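What follows is one structure encoded as C-alpha cells, with my remarks underneath.
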Amino acid sequence: KQEVTQIPAALSVPEGENLVLNCSFTDSAIYNLQWFRQDPGKGLTSLLLIQSSQREQTSGRLNASLDKSSGRSTLYIAASQPGDSATYLCAVDTGANSKLTFGKGITLSVRP
Amino acid sequence: GAGVSQTPSNKVTEKGKYVELRCDPISGHTALYWYRQSLGQGPEFLIYFQGTGAADDSGLPNDRFFAVRPEGSVSTLKIQRTERGDSAVYLCASSLRGGSTGLNEQFFGPGTRLTVL
C-alpha cells in the first residue's frame, strides 16, 4: 500500500528565504506526482505535476523535482513571500484509476 | 473558464439524517473523483467516475455512502444515517480523461464542510 510522508508538519521562515519542502513515498511505481497548495478553509490548488519520466518541473518561483527510485520529491520555493503561507500537499498517482494518495501536508508560514 | 464547483459549501446536520453533496466538474472533463479530508490530514480517496459509471468505489467507507453521476457531468455524493465520524470536508476533483496516462492532472473544488451533530 502506497504511503506518502511529509516532514516536518509545519515550517516557519522569514520572508525572502529560499526553502525546500520534502515528500517521500514508499512505492516507486508511480505515474506522476502532484504538488498542491491549500489555504485555510479552501480547496486544493494544483501547483505542479511531474510525470514519472520527468526529473523536474518549474512554474515561476516554484521548482519540483522527482527521484522515483529513491521515492522522493522536493518542492523548492525561491524568495518566499508572506503570500506563500499555506499548507502544501504532495500526492502520488500509482495508476490504479489515477486516484491520488496524499501526504498530510506541510503548513508553511512566511514571516514578514 | 469555470473551475470545479461544489454545493453547499457548508452543511450541518443531525446524527441519523440523510445528506446530499453536489459536484459540478470542469466542462468536458470525463473523470470525476470524490475525496474526504479530516482535520490535519491529507484527502483520502472515496470514489472515481469515468463518464457515468463508478470505475472504482473502493474508498467508500461503508454502504451508507453512495455516489451517482447519471449524465456524466454533475455528481452527487449521498450519505445515509449520518454519524458524527462522517464530519469532514468532502472534496471533488475532475480531470480531462482519467486513466493511467501520467498526464492526469486533477483539479479540485472548494469542498463541502460537513458537520454532523
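None of these values were measured; they are calculated from a predicted model. Residue numbering restarts at 1 for every chain, and letters A, B, ... go by the order of the sequence lines.
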Please tell me whether B:Trp34 and A:Phe102 are part of a single hydrophobic cluster in this structure, the criterion being side-chain heavy atoms less than 4.5 Å apart.
no
When rounded to the nearest 0.5 angstrom, what is the spacing between CZ in B:Phe107 and CG in A:Leu44?
12.5 Å
Applying side-chain contact (heavy atoms from CB on, under 4.5 Å), run through B:Tyr35 and A:Leu100 and close with a yes or a no.
CA-CA 9 Å; B:Tyr35 295 83; A:Leu100 296 176; 3.5 Å; yes
So, the part of A:Gln54 with a heavy atom under 4.5 Å from chain B: the answer is neither
Please round to the nearest 0.5 Å and tell me the distance separating atom CZ of B:Phe108 and atom CG of A:Leu89.
9.0 Å
Chain A heavy atoms under 4.5 Å from B:Ser9: which part of the residue, side chain, backbone, both or neither?
neither
Linking I/L/V/M/F/W/Y whenever any side-chain heavy atoms sit under 4.5 Å apart, do A:Val92 and A:Ile106 land together?
yes
Shared hydrophobic cluster, B:Leu91 / B:Phe49 (ILVMFWY, side-chain heavy atoms < 4.5 Å):
no
Is there a chain of hydrophobic side chains (I, L, V, M, F, W, Y, each step under 4.5 Å between heavy atoms) that links A:Tyr76 to A:Leu108?
no
For atom CZ of A:Arg37, is the number of surrounding heavy atoms from other residues, nucleotides or ligands below 6.0 Å larger than 12?
yes
Toward chain A, the part of B:Gln106 with a non-hydrogen atom under 4.5 Å
both
Would a single hydrophobic cluster contain both B:Tyr33 and B:Phe65, if residues Ile, Leu, Val, Met, Phe, Trp and Tyr are joined by side-chain heavy-atom contacts under 4.5 Å?
no
Rounded at 0.5 Å granularity, tell me how far NZ in A:Lys99 sits from CG in B:Leu46.
10.5 Å
